[in-house]
Amino acid sequence: MSKAPESAQSTVMLVIATGRRLHERLEARLTDIGLSMRLFGALGHISRNADLSYSDLARRAGVTSQSMRATVLMLEELGAVERDLQGQGHRARLELTTYGRSLLATAWDIVADLEEEFLRGAPEGGAEALAAACRATLDAPPA
C-alpha cells in the first residue's frame with residue numbers, strides 16, 4: 001500500500017486550496033463594487049440570454065428559483081437589470097441596463113487582474129496546461 005501524499009504535495013489538494021483562496025479574493029474584490037459571486041454569475045447569464053426563466057437561471061447557478069428571484073430583485077435594486085413584462089402569461093425578459101453592462105465589464109476586469117496575479121511567474125505554457133487540465137476535469141462525467 002502506498003503512503004498518502006501530504007496535502008501540500010498533492011496536486012488535487014493544492015488546486016482545491018488555491019480555488020478556495022481565489023474564490024475568497026474574487027468575492028472580496030466584487031464586494032468593493034457592490035457585487036457578490038451570485039450577482040456576478042446572474043449578470044453573466046442574463047447578458048448571454050435575456051430569455052432565461054428564473055428556473056433556468058437558478059439551475060445554472062445551482063440555487064432554488066426563489067433564491068434566484070431574490071438575486072434578480074437585488075440586481076434590479078442595484079439598477080443593473082430591468083424586467084420587460086410582456087403581458088400576463090408571458091415570461092419576463094430580463095435585460096442588463098447600461099449600468100449593469102458596466103458593472104459586468106468591471107467584474108470581468110477584476111477577474112482578469114486576479115488571473116494575472118495568479119499566473120505571474122508561471123512557466124511558459126503553464127497557464128495553458130493548467131487550463132487544459134481544469135477543462136478536462138470539468139468536462140469529464142461525474143464519478
Verify same cluster id: Leu114, Val15 (apolar side-chain graph, 4.5 Å): no
Qualifying residue, where the test is side-chain contact (heavy atoms from CB on, under 4.5 Å) with Leu103 and the options are Thr97, Thr98, Leu35: Leu35
Selection residues 27-42 - residue pairs positive for side chain to side chain donor-acceptor pair (under 3.5 Å), sequence neighbours left out: Arg29-Glu117, Arg38-Ser67
Pairwise distance CH2(Trp108) to CG(Leu43) - rounded to 0.5 angstrom: 11.0 Å
Inter-residue atom distance Arg59.CZ - His45.NE2, 0.5 Å rounding: 11.5 Å
Pairs involving residues 125-143, ordered by first then second residue, that meet salt bridge (charged side-chain N to carboxylate O under 4.0 Å, His left out) (sequence neighbours left out): none
Spatial distance of atom CG (Asn49) from atom CZ (Arg60) [nearest 0.5 Å]: 6.5 Å
Side-chain donor or acceptor of Arg20 paired with backbone N/O of Ile16 under 3.5 Å: no
Nearest-0.5 Å distance, CD1 of residue Ile110 to CD1 of residue Ile33: 4.0 Å
Side-chain touch Leu94/Leu57, heavy atoms, less than 4.5 angstrom: yes
Separation between CG of Leu104 and CG of Leu96, rounded to the nearest 0.5 Å: 6.5 Å
Minimum heavy-atom distance Leu78-Gly34, with the two atoms named: CD1-O, 3.7 Å
Cluster check Leu119, Leu26: I/L/V/M/F/W/Y, side chain < 4.5 angstrom: yes
Where Met68 and Tyr54 come nearest, the two heavy atoms and their spacing: CG-O, 3.8 Å
Short side-chain donor-acceptor distance under 3.5 Å, Ser53 and Asp56: yes
Neighbour count above 12 (heavy atom, 6.0 Å) for Glu82 CD: no
Gap between atom CG of Leu39 and atom CG of Leu30 - 0.5 Å precision: 9.0 Å
Any side-chain heavy-atom pair of Arg21 and Glu24 under 4.5 Å: yes
